[in-house]
Colleague: 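Dropping a structure here in structure tokens format, bear with me for questions.
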There are 2 protein chains.
Amino acid sequence: MDRRQEIMEAAAKSFSLFGYKATTMDQVAKIANVGKGTIYTFFANKEELFNAIALKMIVEMRAASDAVAVEGASFEQNAHARLMQMLKFRGTHQLYAKLIDEEKELRTPAVIEVLAQIESEIVSYVKAKIERAIAKGELKPCDSELVAFLLFKSYLALVVDWGKNHDEELSEERILGLLSGTIFNCLLA
Amino acid sequence: MDRRQEIMEAAAKSFSLFGYKATTMDQVAKIANVGKGTIYTFFANKEELFNAIALKMIVEMRAASDAVAVEGASFEQNAHARLMQMLKFRGTHQLYAKLIDEEKELRTPAVIEVLAQIESEIVSYVKAKIERAIAKGELKPCDSELVAFLLFKSYLALVVDWGKNHDEELSEERILGLLSGTIFNCLLA
DNA sequence: CCATGACCAAAATACAATATCAGTCATTCG
DNA sequence: CGAATGACTGATATTGTATTTTGGTCATGG
């Protein structure tokens, strides 16, 4: 059986359960049923193994995002569905949730880096979607990088930050209602 | 001379220079030229002294914000000028900058609390301005709390967060250009 | 020839001794 | 007499050190 695959799965399991800092290479080796040295024939070090896992998660997120997009639906509908889906990963996906926790509690540099990477990935993903919509004539030309950034940060604030200072989280309808009436509306061609 | 005033000034100076955690009550007493016990006749404890200082800073921020608002100018112009002004405080105002640093580095609970309080103050300030503009018929009715929150978070993201992942900060014109074309535009009556 | 786990230096942790600090209160001073 | 004071105290933080853990290597054996 594919040793590289086994190691990846073992690492993903351990990172999800204990976080980056608290999983040891010995532990990964044990779970994967390989000698520790074997890991280093596939991954240069712990951080590269971690990056490989993170990359796999990004691919999963993109797939989950694609799964909620509807061919032919408006930019607004799809962008909303996609961003909500990706933001839901924060609470849903065990590894993602664990990493967010570790970033807050331990400040592990490798974790901070990976999470920043994921966010930047999302923004450039949104940016690509905006550019496609502009090309199609659905949206009017704009600074796509900046708009993607603003859109992502807005969703992040509404979905994540709002709950920190208010007792009840914002409903998806209320979020869509607000952004539909403000940002989305103004982007239309 | 007013002992309470002297203590406040001494504390403000020390908090600005060394942060909350690193300033001792002995130090404040020394700077204020009073015995340590005297501080406790005016303030119940270190945290209440800190809160008093924070309150003073909020008043200062409000004044600075009012100073850049122009009577008779549009909501967009004044809201932009006010929010930019308040956000500039983060780098400008010695105490504010120190506290932001301390929140990031030390995670001091009292500091986290105060900074959250300040942000919530700004949001409710913006909210009041929105409601006034609606009453005047300049803006169309909307969920003022939510819009104020979104507006503040958008500015925060553009002014503060953008710089973290990109080499050059966003110019004020670019920020205004983006938000004028999106959020502000859609709020108009 | 590749997988392995004993091995190593470096980093983290645990712990104890020491120092610092917020807050009190008996005393002092005006 | 009442407000100001600073020595005092228990709790918390810091420092220094002994011990353990861990990422990464490499000589060995299957």
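So you know, we letter chains A, B, ... as the sequences are listed, proteins then strands, and number each from 1.
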Colleague: Okay, side chain of Ser180(A), backbone of Gly177(A): is any donor-acceptor separation there less than 3.5 Å?
Modeller: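 Checked: no pair found.
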
Colleague: Side chains of Trp162(A) and Lys153(B): does their closest heavy-atom pair fall under 4.5 Å?
Modeller: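 They are not in side-chain contact.
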
Colleague: If you pin Tyr20(A) and Gly37(A) to their nearest nucleotides in DNA chain D, which one's is more 5'?
Modeller: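 Of the two residues, Tyr20(A) wins.
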
Colleague: Over how many whole Å does the gap from Gln27(B) atom CD to dT20(C) atom C1' extend?
Modeller: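 The answer, rounded to whole Å, is 13 Å.
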
Colleague: Restricting to salt bridge (charged side-chain N to carboxylate O under 4.0 Å, His left out), what partner residues turn up for Asp26(A), sequence neighbours left out?
Modeller: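 So Asp26(A) forms a salt bridge (charged side-chain N to carboxylate O under 4.0 Å, His left out) with Lys36(A).
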
Colleague: Give the rounded distance in Å between these two atoms: CE of Met25(A) and C1' of dG5(C).
Modeller: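 That distance rounds to 14 Å.
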
Colleague: Which residues satisfy the side-chain hydrogen bond (donor to acceptor under 3.5 Å, both in side chains) test with Glu113(A), sequence neighbours excluded?
Modeller: none

Colleague: Please tell me which of Lys36(B) and Val34(A) maps to the more 5' nucleotide of DNA chain C, matching each residue to the nucleotide holding its nearest heavy atom.
Modeller: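 Upstream on the strand: Val34(A).
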
Colleague: Nearest-Å distance, CG (Asp26(B)) to P (dT9(D))?
Modeller: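 The answer, rounded to whole Å, is 16 Å.
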
Colleague: Report yes if some heavy atom in the side chain of Phe75(A) is under 4.5 Å from a heavy atom in the side chain of Arg132(A); otherwise report no.
Modeller: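 A side-chain contact is absent here, since even the closest heavy-atom pair is not under 4.5 Å.
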
Colleague: To the nearest angstrom, how far is Asn33(A) atom CG from dG5(C) atom C1'?
Modeller: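 Atom CG in Asn33(A) sits about 14 Å away from atom C1' in dG5(C).
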
Colleague: For Ile39(B) and Ile7(B), which heavy atoms make the closest approach, and how far apart are they?
Modeller: CA-CD1, 3.9 Å

Colleague: Could you tell me the separation between the CZ atom of Arg3(B) and the C1' atom of dA3(D), rounded to a whole number of Å?
Modeller: 9 Å

Colleague: Hey, does Thr38(B) reach any base, or is it just sugar-phosphate, or nothing, if we go heavy atoms under 4.0 Å?
Modeller: base

Colleague: Determine whether the aromatic ring centres of residues His80(A) and Phe184(A) are separated by less than 6.0 angstrom.
Modeller: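 Phe184(A) vs His80(A): aromatic centres not under 6.0 Å.
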
Colleague: Does any residue of residues 41-50 of chain B have a heavy atom under 4.0 Å from DNA chain C, and if so, which ones, in number order?
Modeller: Asn45(B), Lys46(B)

Colleague: Looking at Arg4(A), I'd like to know whether one of its side-chain N or O atoms comes within less than 4.0 Å of OP1 or OP2 on dA3(C).
Modeller: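 Negative; the distance criterion is not met.
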
Colleague: Scan Lys30(B) against the nucleic acid and name what it touches under 4.0 Å (heavy atoms): base, sugar-phosphate only, or nothing.
Modeller: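 Here Lys30(B) touches no strand at all.
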
Colleague: Rounded to the nearest Å, what distance is computed from the OH atom of residue Tyr40(B) to the P atom of nucleotide dC25(C)?
Modeller: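 These atoms are roughly 13 Å apart.
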
Colleague: Would you say a side-chain N or O of Lys21(B) is under 4.0 Å from OP1 or OP2 of dT14(D)?
Modeller: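 Affirmative; the distance criterion is met.
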
